[in-house]
Number of protein chains: 2
Amino acid sequence: MNQRQFVAGGKSGDGGGRPGKNGDGPKRHEAIYQSISDAIIEHRLKPGARLREDALAEVFGVSRTGIRKILQRLALEQLVTLTPRRGASVTRPTADEAKDVFDARLMVECGLMPEIARRITADDLAALRDMARRERQALKAGEQSTAIRLSADFHTRLASISGNATLADFVERLCSRSSLILAVYGNAGHLGCESHDHDDLIGYLEAGNGERAEAFMGRHLKAIEASLSIHVEEDEAPDLFEIFSG
Amino acid sequence: MNQRQFVAGGKSGDGGGRPGKNGDGPKRHEAIYQSISDAIIEHRLKPGARLREDALAEVFGVSRTGIRKILQRLALEQLVTLTPRRGASVTRPTADEAKDVFDARLMVECGLMPEIARRITADDLAALRDMARRERQALKAGEQSTAIRLSADFHTRLASISGNATLADFVERLCSRSSLILAVYGNAGHLGCESHDHDDLIGYLEAGNGERAEAFMGRHLKAIEASLSIHVEEDEAPDLFEIFSG
DNA sequence: GGGGCACAAAGCGTATACAATGATCGGCAT
DNA sequence: ATGCCGATCATTGTATACGCTTTGTGCCCC
């Protein structure tokens, strides 16, 4: 809450093609970060895709230095994997990581529900309803990318209502990683959250029924996890011994 | 001082006085990161302390580039605060952040207890007991810095037993931030965890009693939080409007 | 005498250059 | 012909150089 966005006024003048020397830095980097992050979350960049530094630098019109910074941030959020001399690539979550992420979501998102039910306002409800509606629209229109992102946004926004910035941030990261997990282990056509689930959840929250919301969220997350086809394919380190020793 | 970088390459066409270009990079950066992180956690760098890039670069014998990377990583873990044109400083947690961190710990560390009790092994118990013993020793010897770090290590190690790397990592971060919070709001002489608390907890875990361990951890964390003197001093962004407009 | 403005110094943000490393491909020996 | 070895290439990692913003101080004007 103390993000102190320093809008260093003055002449920002994001002058088009010319790479601004300085001054518009943070805003521009944040935008680039969002672009890449969104592309990953929306599955436009698929797990395993390589992210070459100079290619990204050229695309966004900044130097490799800035790209490196962004890549490292994404690596800390585990959206990209940084292999020491090989560069960056979109993280391909393992089955274990997938389980960890969903266990964590189960614990945190459910645990947050009572507090959320206590603190939710009419504005929050309206915003959530709008997001759920747009998600349904996107799903109906076949825009899976948008739907995935909106679903993650819904859960993230929900967590932020709790007032606990630390936990909300954690949930945001978990949702991002969940998108990645869906990309690897999800089945086409049965995408993540059922659309009416979010609406039902909103209903419980509007009624102030934190306990039912908590239980529902638990079922909701378990349903998502169950819909995944987590075949433990050891592509990371194939057990050659086990495979060929027989 | 360690300005001795063994450069493996035989050919060094340019000036020989240049420090080691490359080769020991990742290891060295990790070590520097640990140094700074430990110094912050052990309160040898106090909240608010400024961390100038070139000073650190000179101290550790690397260039500013590497220091910047480390500083950004620390900033993402919220151990240091990066103000856009003003550089880095050790984060001074606000009262709100402190509450968020302890609420998060309450939820996650308690929630993890049953699983930990289920999975804990004899080796884990021995390691934990050793850590608790060393913590007691340090506390008795008056080495607060060491005691603080060991206490954080204890909680972190405990969380890692759960097998959930994601949540363990989260707990590790929360513990680091807690050290910072203790530095700001803690009372001298009544430092963080009571030493026998950890031993009691080990007892419950050894007995496989996850529920009692969970309850005890809850009391433990609440006791720590209660021992803080959180006077809401808005030094971060004093609401001058609110103060002087009346 | 006090306050505002200008100049200078310091420090951060970005870009570019250079070096090292891992991968790939061609040549050579067996 | 095939397998191994060396050279070249592509790509990252690090350092340095330069510009911009901020801040502190001194001078001038009121």
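Listed pair K69(A) / dT14(C) meets the phosphate criterion, a side-chain N or O lying under 4.0 Å from OP1 or OP2. The side chain of R64(B) places no N or O atom within less than 4.0 Å of a non-bridging phosphate oxygen (OP1 or OP2) of dT16(D). Here R86(B) reaches the OP1 or OP2 of dT23(D): one of its side-chain N or O atoms lies under 4.0 Å away. At dC12(C), none of the side-chain N or O atoms of R68(B) fall inside 4.0 Å of OP1 or OP2 (strictly under the cut-off). The side chain of R85(B) places no N or O atom within less than 4.0 Å of a non-bridging phosphate oxygen (OP1 or OP2) of dT22(D). For the OP1/OP2 pair of dT14(D) and a distance below 4.0 Å, the side-chain nitrogens and oxygens of H29(B) include at least one atom meeting the criterion.
For R52(A) and dC9(D), the CZ to P distance is 16 Å, given to the nearest whole Å. To the nearest angstrom, C1' of dG13(C) lies 11 Å from CG of L82(B). Atom CD1 of I70(B) is separated from atom P of dA15(D) by 10 Å (rounded to the nearest Å). Atoms CD1 (I67(A)) and P (dG13(D)) sit 14 Å apart, rounded to a whole Å. As rounded to whole Å, 15 Å separates atom C1' of dA15(D) from atom CD of E58(B). Rounded to whole Å, atom P of dA15(D) lies 14 Å from atom CG of L56(B). Computed from coordinates, the L51(B) CG to dG11(C) P distance equals 14 Å when rounded to whole Å. Taking atom CD of residue E30(A) and atom P of nucleotide dG13(C), one finds them 15 Å apart after rounding to whole Å.
Taking the charged nitrogens against the carboxylate oxygens, R73(B) and E30(B) do have a contact shorter than 4.0 Å, which makes a salt bridge. A salt bridge does not link R119(A) to D124(A): none of the charged side-chain nitrogens sits closer than 4.0 Å to a carboxylate oxygen.
The side-chain heavy atoms of E77(A) and Y33(A), taken from C-beta on, include a pair separated by under 4.5 Å. The side-chain heavy atoms of T166(A) and F170(A), taken from C-beta on, include no pair separated by under 4.5 Å.
Distances were taken from every side-chain heavy atom of E53(B) (C-beta onward) to each of dT14(C), dT16(D), dC12(C); the shortest belongs to dC12(C).
Taken from CD in E135(A) to OG in S151(A), the straight-line distance is 4.5 Å, to the nearest 0.5 Å.
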